[in-house]
Amino acid sequence: MLKKKWATTTMALCLAVNTVLLAACGGSASTQDAGGAASASENQGDEKKDQAAGGSQGADADFSGKTIEIATYLSGDTLNAYKEVIAGFENETGVKVTLDEYGEDYESTMKTRMASNDLPDIFETHGWSLIRYKEYLTDLSGEPWAGQLNKAALGVIQDTDGKLYTLMTTGSCLGTAVNMNVCEEAGVDPWAIETWEDFNQACDKIKEAGFTPIANYFTSAGALANANGSWLSYEGAQFNDNEAMLNGTWDWADFKTILDYLQTWFDNGYLYADCGTIKQADAIERCARNECAFIVGIGTSYQTAVTAQNPDVVMAMIPICASKEGGARFCGIGEGASFGIWKDTKEMDVCKAFLNYVSEHADGINSAAGEISTLPCQTSKSYGMGLMEEMESHYPNVFYDNLWDRKYMPSGMWGVFQVAAGMFCEDQSEEGKQEVIDYLRENYTDLYEAARE
């Protein structure tokens, strides 16, 4: 009855509101430890480089008469930049590229094509190179560009055995957005924040100075999902529930600690009074007016939107806090423009040449996306990339991992978290928190079992 009650009373709200934080699209539980493998990738062995040199020809090769099919979910300026790269490759090589623009139907179309084992020669993995698409993709760890990817990318796309299945050119970096103007007025040094306790102390000073400390809003799944790794999953976290979450046995008891902490945001008056109804546009406008200091668990597109409204606002990004002293400070990374090769393509050399060409001409795609670039930028650097590099100068050991729900939760949990966020916003009592946990547990169990069928 609980699940039906909340599903019917809140579904209209969930469909109506825009997702506050970076929408992870729902995860598919996986045993891949993408983040933990980052250290193995910086330098590819000579043997792999030799294999790559012999196995993929450059973009100046003559492939006249060859045709490849590429599937894309990109849109807007990023898609236009991608089309320019494709046109350049066609002109230089004589290859004819058929581009399938699936848009909002991308995931459903790709699932259908996976079921029939009839995939495009190249397709975008958009966050699922390890979790969903790996068995259909070619290992690209020996390609010339593989050793140039930065650690943010490798924390998401590198398998535990060092293999890479996608060329990731852009990505979203999800951390904590900071209004530096507000922090300065309140006498807060955001670069000194390490733990959630430090964060609350900073919020106290910001509130005393007359500002709203936290602009998070509970119309978003991310309000209950995006920071969970700091308590449940990463080095130095209070709990290490990864194995149970991935094998379907997690009992959600430790989630009570997260709800207890989030309750302090309500009890201490850190949030906007209307945090249960406002949307992303509202938070952006308020931050642009220098009213609020932080949003926890959001991508750099938020800072971009704030400064577009008010160029005088100085924004920054810090990692998501550790749950205890010495714990990992982390950022969630989502694959942006990322391209893999179907393992059964009949045009492997052409496809590898195309990815090499993309890696050498990715600046336009990076600039259009406005997020973080994962290859060295030759001509331009996005605003988001500048924020990430500034953060790394203060936190050189920041830990990058895939979006938490995408890595550890079964497919479909993103919408469940969104309903649960509304439940918690309405009622932070002990009974209310138990209802949230019961609701999450019930849906997690159902979705995990459905995924096994």
Under 3.5 Å side-chain donor-acceptor pair for [X] and [Y]:
X      : Y      : value
Ser230 : Trp196 : yes
Asn200 : Tyr261 : yes
Thr125 : Thr166 : yes
Tyr136 : Arg113 : no
Glu335 : Ser129 : yes
Tyr106 : Glu124 : no
Glu84  : Asn80  : no
Trp404 : Asn226 : no
Trp414 : Asp405 : no

With the threshold set at 4.0 Å, does a side-chain nitrogen-carboxylate oxygen contact exist between [X] and [Y]?
X      : Y      : value
Asp198 : Arg329 : no
Lys207 : Asp204 : no
Arg132 : Glu107 : yes

Approximate separation, where rounding is to 0.5 Å, of [X] [atom1] and [Y] [atom2]:
X      : Y      : atom1 : atom2 : value
Ile341 : Glu143 : CD1   : CD    : 6.5 Å
Ser359 : Met168 : OG    : CE    : 15.0 Å
Leu130 : Leu164 : CG    : CG    : 8.5 Å

Does a sphere of radius 6.0 Å around [atom1] in [X] hold more than 12 heavy atoms from other residues, nucleotides or ligands, not counting ones at 6.0 Å or beyond?
X      : atom1 : result
Gln428 : CD    : yes
Gln309 : CD    : yes
Glu184 : CD    : no
Glu285 : CD    : yes

What are the two closest non-hydrogen atoms of [X] and [Y], and how far apart are they?
X      : Y      : value
Gly297 : Ile320 : CA-CD1, 4.1 Å
Ile206 : Ala293 : CD1-CB, 3.5 Å
Leu99  : Tyr82  : CD1-CE2, 4.4 Å
Phe199 : Cys321 : CB-SG, 3.8 Å
Phe218 : Cys425 : CB-CB, 3.6 Å

Does a side-chain heavy-atom distance below 4.5 Å link Pro319 with Phe399?
->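 Sidechains of Phe399 and Pro319: no contact.
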
For [Y], does its backbone N or O pair with a side-chain atom of [X] as donor and acceptor, under 3.5 Å?
X      : Y      : value
Asp427 : Met423 : no
Glu90  : Val97  : yes
Asp241 : Leu232 : no
Tyr357 : Ile86  : no

Should Asp100 and Phe123 be marked as a side-chain contact (heavy atoms from CB on, under 4.5 Å) after you check the CA-CA gap, both sets of side-chain angles, and the distance that decides it?
-> CA-CA 9 Å; Asp100 301 325; Phe123 57 94; over 6 Å; no

Within the 6.0 Å centroid threshold, strictly below: Phe266 and Phe424 |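 They qualify: ring centres under 6.0 Å apart.
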
Got a sec, which pairs hit salt bridge (charged side-chain N to carboxylate O under 4.0 Å, His left out) with one end in residues 311-320, sequence neighbours left out?
->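 Pairs touching residues 311-320 that pass the test: none.
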
Candidate pair Asp438 and Arg441, rule salt bridge (Lys or Arg N to Asp or Glu O under 4.0 Å), full reasoning = CA-CA 5 Å; Asp438 291 343; Arg441 181 194 296 115; 2.9 Å; yes

Excluding sequence neighbours, so at least two apart, what forms salt bridge (charged side-chain N to carboxylate O under 4.0 Å, His left out) with Lys83?
->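 So Lys83 forms a salt bridge (charged side-chain N to carboxylate O under 4.0 Å, His left out) with Glu101.
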
Sequence-distant partners of Gln263, side-chain hydrogen bond (donor to acceptor under 3.5 Å, both in side chains), two or more places apart =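 Gln263 satisfies side-chain hydrogen bond (donor to acceptor under 3.5 Å, both in side chains) with Asp267, Lys433 once adjacent residues are dropped.
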
